Visitor: 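Before anything else, here's the structure in question.
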There are 2 protein chains.
Amino acid sequence: MRNNITIKDVAKQAGVSISTVSRVINDSKPVTDEVKQRVLDVIKETGYIPNPLARSLVTKKSKLIGVVVPELSDSFVNEILNGIEEIAKMYDYDILLANTYSNREQELKSINLLRAKQVEGIVMISWKVEEEHINYIQNCGIPATYISKTARNYDIHTVSTSNKEATYDMTKYLVGKGHEKIAFIMTSEDDTVLEMERLSGYEDALSENNIKLDKTLIKNGGTTYEKGYESMKELLDDNIIPDAAFVTGDEAAIGAINAICDAGYKVPEDISVAGFNDVKIAKMYRPKLTTVYQPLYDMGAVAMRMVIKMINKEILEEKKIELPYRIVERESVIDRI
Amino acid sequence: MRNNITIKDVAKQAGVSISTVSRVINDSKPVTDEVKQRVLDVIKETGYIPNPLARSLVTKKSKLIGVVVPELSDSFVNEILNGIEEIAKMYDYDILLANTYSNREQELKSINLLRAKQVEGIVMISWKVEEEHINYIQNCGIPATYISKTARNYDIHTVSTSNKEATYDMTKYLVGKGHEKIAFIMTSEDDTVLEMERLSGYEDALSENNIKLDKTLIKNGGTTYEKGYESMKELLDDNIIPDAAFVTGDEAAIGAINAICDAGYKVPEDISVAGFNDVKIAKMYRPKLTTVYQPLYDMGAVAMRMVIKMINKEILEEKKIELPYRIVERESVIDRI
DNA sequence: TTGAAAGCGCTAACAC
DNA sequence: GTGTTAGCGCTTTCAA
């Protein structure tokens with residue numbers, strides 16, 4: 001049961017050459033059934049496991065895929081991770097995990113580390129992808145797919161959902177429910193393309209319904225519960241009481257709801273709240289959160305499939321995959337009509 | 001910037017032998033400053049990264065630690081994972097992640113996979129650890145630490161918190177708040193040692209306060225939100241209306257709260273609810289969950305430190321580390337006195 | 001202080 | 001079909 005058994009030991013014990021053993025474990029070349037059986041028996045007996053290090057060294061295939069995440073205890077990330085993990089396993093790849101805490105330097109370090117460890121591909125989940133890092137990875141020639149809110153404007157492989165349309169639809173839905181004064185709380189700190197897209201979805205829906213844009217209703221926080229709470233609180237403190245709030249992240253949306261409740265208002269009676277992502281907690285919270293469903297598990301799965309295809313030099317029909325979203329009506333939005 | 005640069009290339013370009021290059025990158029043996037500098041320059045120039053595969057092959061050190069988890073999108077697991085990840089990075093180890101979905105066979109497969117990948121150690125998070133797997137890992141001679149609710153009764157390295165005492169304390173706390181009819185909803189499917197411990201903590205607190213044990217108040221569900229919901233619903237459907245419910249997992253506790261609300265009762269006014277773990281959502285939910293805080297991040301960190309020590313053959317003072325817990329009073333438990 | 005050479009465990013020509 | 005052999009990129013004796 002020890003780890004020291006090598007291909008040599010097996011060969012000797014089976015009375016064959018190491019190449020024969022290699023052939024049976026990879027079944028790369030024909031081997032007589034009888035010999036094959038003998039080798040197989042010895043392998044079973046000894047509990048021999050081929051050393052992938054040695055194998056990788058010669059084949060140049062590490063069977064490792066690097067996954068870099070901005071945060072480990074975020075449900076958005078987790079649900080994607082589940083999809084990634086499952087597909088990886090399916091294709092016999094292992095995952096090398098790197099957590100960056102959304103830190104720029106840490107991200108670069110992680111990429112380097114993964115590169116050093118000879119990962120064959122990278123799946124990158126990031127709130128905000130750095131152009132420099134994209135270039136760096138491209139230069140290394142490592143196949144990569146990005147799941148990022150901000151990746152779509154680069155010429156790289158991405159999987160995402162259509163943010164602009166989703167935001168547009170949700171805003172329209174809110175308007176359709178009779179809300180006019182709709183706060184829009186975004187979840188990234190910077191003016192990223194994503195936020196531009198989302199913002200324009202929001203604005204379009206509003207203008208189409210002849211609602212004047214009120215910039216004081218727009219906030220830019222972050223993905224966390226705390227940030228959502230803060231943003232909403234600021235609004236309320238400024239005596240801005242919207243009909244509804246559209247927060248582009250579920251955890252932040254729940255933070256907003258709590259801020260509303262703490263200020264003495266009720267959700268959804270006084271203020272409706274809608275989220276984005278449809279993360280696990282959206283169903284658990286009460287009132288249950290009306291939100292935009294994104295197929296997070298699938299996003300992970302698709303991203304992983306993409307890098308595996310890239311590794312195998314298969315042709316990908318598209319560089320940018322957009323997965324469908326849909327509005328999930330639950331309890332946090334009331335009908336004012 | 002390509003990955004193909006090897007030690008040979010560096011040696012040639014610097015006009016030295018590969019052993020010299022090896023010496024400077026490991027600074028294992030004295031090298032003249034001048035030569036050293038020359039080599040260093042070439043390394044920088046070429047962007048050379050030593051191939052850890054080749055290195056591991058000879059040193060027998062993979063700098064890899066396997067982490068097996070029962071579930072990826074569970075906050076309990078995640079928060080532990082954060083601690084693990086951080087310490088690993090600190091000691092220059094990488095994490096090979098294996099998700100088992102609490103599946104026995106999958107767990108065995110994962111262990112084998114990690115073994116095959118030459119991990120130097122394993123941190124195992126598992127709802128229920130299998131004796132067979134423990135033995136297997138021990139036989140392989142791979143250092144391992146367990147974070148498991150059920151691991152403490154084996155002679156292995158574990159990190160945990162004192163469940164019996166924590167359960168005792170929380171039950172006592174509940175009694176102290178004037179609750180008598182206290183439902184006890186456990187979160188593992190089997191009669192594990194953990195559940196026995198917890199149960200006896202619950203029973204002791206009750207009997208010390210002269211409250212008769214009512215077995216109909218005891219349920220055994222699972223860790224998930226859904227299981228918590230179900231267990232509570234069963235109670236209510238059977239017309240058993242407790243003063244309080246002590247659910248030994250936060251997500252399940254929130255499930256229980258929702259079941260209570262859906263049945264038309266109020267938390268905490270009609271029924272108080274207490275949880276266990278103090279996971280992120282405990283603060284996010286309303287009413288905020290009164291629960292038992294466990295230092296999850298630290299548990300992960302300590303577990304990782306333990307395996308690293310074991311790898312380095314350092315002496316560990318204790319095989320079983322118990323980290324402190326504490327009761328966190330929030331809003332889901334009312335004072336009936 | 002430095003270099004030559006052996007070898008880690010494996011795969012993949014190349015012979016037979 | 002099967003064995004022999006040359007590496008993969010690196011560390012580590014052993015000489016010089």
Side-chain angles (χ1 to χ4, degrees), chain A residues 2-43 46-64 92 94 115-120 140, chain B residues 2-40 42-43 46-64 92 94 113 115-120 140:
Chain A
R2 302 224 49 74
N3 244 337
N4 319 339
I5 307 128
T6 75
I7 198 170
K8 267 188 198 162
D9 302 324
V10 177
K12 196 183 294 176
Q13 224 176 110
V16 296
S17 76
I18 59 164
S19 8
T20 305
V21 177
S22 175
R23 274 165 202 139
V24 347
I25 57 184
N26 297 305
D27 59 14
S28 43
K29 284 271 172 67
V31 177
T32 331
D33 276 353
E34 188 227 315
V35 178
K36 189 174 191 168
Q37 197 50 55
R38 195 144 34 102
V39 173
L40 252 23
D41 286 347
V42 175
I43 288 176
T46 52
Y48 165 72
I49 302 181
N51 184 335
L53 254 44
R55 180 181 276 170
S56 296
L57 190 58
V58 20
T59 60
K60 311 265 180 218
K61 295 200 179 308
S62 63
K63 279 293 173 183
L64 243 33
D92 209 31
D94 269 316
R115 179 160 97 99
K117 292 276 183 187
Q118 315 287 310
V119 296
E120 292 183 47
C140 298
Chain B
R2 303 223 49 74
N3 244 336
N4 318 339
I5 306 129
T6 74
I7 198 170
K8 267 188 201 161
D9 303 324
V10 177
K12 196 182 295 173
Q13 225 176 109
V16 294
S17 76
I18 57 165
S19 3
T20 304
V21 177
S22 174
R23 274 163 204 140
V24 348
I25 57 185
N26 298 304
D27 59 11
S28 44
K29 283 269 172 70
V31 177
T32 331
D33 277 354
E34 188 228 312
V35 178
K36 190 174 190 170
Q37 198 49 54
R38 194 146 32 106
V39 174
L40 252 22
V42 175
I43 289 176
T46 53
Y48 164 70
I49 302 182
N51 184 335
L53 255 45
R55 178 180 277 172
S56 296
L57 189 59
V58 19
T59 60
K60 311 265 182 216
K61 298 205 178 305
S62 62
K63 278 292 171 185
L64 242 36
D92 209 31
D94 269 318
L113 202 110
R115 180 160 97 99
K117 291 278 182 184
Q118 316 287 308
V119 295
E120 293 182 46
C140 298

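Here the structure is a predicted model, which is why all the values come from computation and not from measurement. Every chain is numbered from 1 and lettered A, B, ... according to where its sequence line falls, protein lines coming before strand lines.
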Visitor: Quickly work out the B/Gln118 CD to C/dC10 C1' distance and round it to whole Å.
Guide: 12 Å
Visitor: Could you state the atom-to-atom distance from NZ of A/Lys12 to P of C/dC10 in whole Å?
Guide: 14 Å
Visitor: What is the separation between atom CD1 on B/Ile49 and atom P on D/dC10, rounded to the nearest whole Å?
Guide: 11 Å
Visitor: Show, in sequence, the C-alpha distance, side-chain angles and deciding distance for A/Leu64 and B/Lys117, and conclude whether the side-chain contact (heavy atoms from CB on, under 4.5 Å) test is met.
Guide: CA-CA 10 Å; A/Leu64 243 33; B/Lys117 291 278 182 184; 3.9 Å; yes
Visitor: Ignoring hydrogens, what is the shortest heavy-atom contact between B/Tyr48 and B/Val10? Give both atom names and the distance.
Guide: CG-CG2, 3.6 Å
Visitor: Rounded to whole angstrom units, what separation is found between the NZ atom of A/Lys117 and the P atom of D/dG9?
Guide: 18 Å
Visitor: What is the minimum heavy-atom distance between A/Val31 and A/Arg23, and which atoms define it?
Guide: CG2-CB, 3.7 Å
Visitor: Minimum heavy-atom separation for A/Ile7 to A/Ile18, with atom names?
Guide: CD1-O, 3.6 Å
Visitor: Taking atom C1' of D/dT11 as reference, at what distance in whole Å does atom CG of B/Asp27 sit?
Guide: 14 Å
Visitor: For B/Ile5 and D/dG9, what is the distance between atoms CD1 and C1' respectively, to the nearest whole Å?
Guide: 13 Å
Visitor: Give the residues of residues 55-64 of chain B touching DNA chain C, defined as any heavy atom closer than 4.0 Å, sorted by residue number.
Guide: B/Leu57, B/Val58, B/Lys60
Visitor: If every non-hydrogen atom of B/Ala11 is compared with every non-hydrogen atom of B/Ser17, which pair is closest and at what distance?
Guide: CB-C, 3.8 Å
Visitor: Return no unless some side-chain N or O of B/Asn51 is found under 4.0 Å from OP1 or OP2 of D/dC8.
Guide: no
Visitor: Ignoring backbone atoms, establish whether A/Lys8 has a side-chain N or O less than 4.0 Å from OP1 or OP2 of C/dC10.
Guide: no
Visitor: Measure the spacing between CD1 of A/Ile43 and CZ of A/Arg38 and express it to the nearest 0.5 Å.
Guide: 12.5 Å
Visitor: Taking side chain to side chain contact (heavy atoms under 4.5 Å, CB included) as the test, write out the residues that go with B/Lys61, two or more places apart.
Guide: B/Thr59, B/Glu120
Visitor: Mind listing the N/O atom pairs, protein and nucleotides 1-4 of chain D, below 3.5 Å?
Guide:
{"from": "D/dG1", "atom 1": "O3'", "to": "A/Thr32", "atom 2": "OG1", "distance (Å)": "2.6"}
{"from": "D/dT2", "atom 1": "OP1", "to": "A/Thr32", "atom 2": "OG1", "distance (Å)": "2.4"}
{"from": "D/dT2", "atom 1": "OP2", "to": "A/Thr32", "atom 2": "N", "distance (Å)": "2.7"}
{"from": "D/dT2", "atom 1": "OP2", "to": "A/Thr32", "atom 2": "OG1", "distance (Å)": "2.8"}
{"from": "D/dG3", "atom 1": "OP2", "to": "A/Ser17", "atom 2": "N", "distance (Å)": "3.0"}
{"from": "D/dG3", "atom 1": "OP2", "to": "A/Ser17", "atom 2": "OG", "distance (Å)": "3.2"}
{"from": "D/dG3", "atom 1": "OP2", "to": "A/Thr20", "atom 2": "OG1", "distance (Å)": "2.5"}
{"from": "D/dG3", "atom 1": "N7", "to": "A/Arg23", "atom 2": "NH1", "distance (Å)": "3.1"}
{"from": "D/dG3", "atom 1": "N7", "to": "A/Arg23", "atom 2": "NH2", "distance (Å)": "3.4"}
{"from": "D/dG3", "atom 1": "O6", "to": "A/Arg23", "atom 2": "NH2", "distance (Å)": "2.2"}
{"from": "D/dT4", "atom 1": "O4", "to": "A/Ser19", "atom 2": "OG", "distance (Å)": "2.9"}

Visitor: B/Leu53 and A/Leu57: which non-hydrogen atoms are nearest, and at how many Å?
Guide: CD2-N, 4.1 Å
Visitor: Counting any heavy atom closer than 4.0 Å, what does B/Pro52 reach on the DNA or RNA strands: base, sugar-phosphate only, or nothing?
Guide: nothing
Visitor: Starting from the C-alpha separation in whole Å, work towards a yes-or-no answer on side-chain contact (heavy atoms from CB on, under 4.5 Å) for B/Asn26 and B/Arg55.
Guide: CA-CA 11 Å; B/Asn26 298 304; B/Arg55 178 180 277 172; 3.3 Å; yes
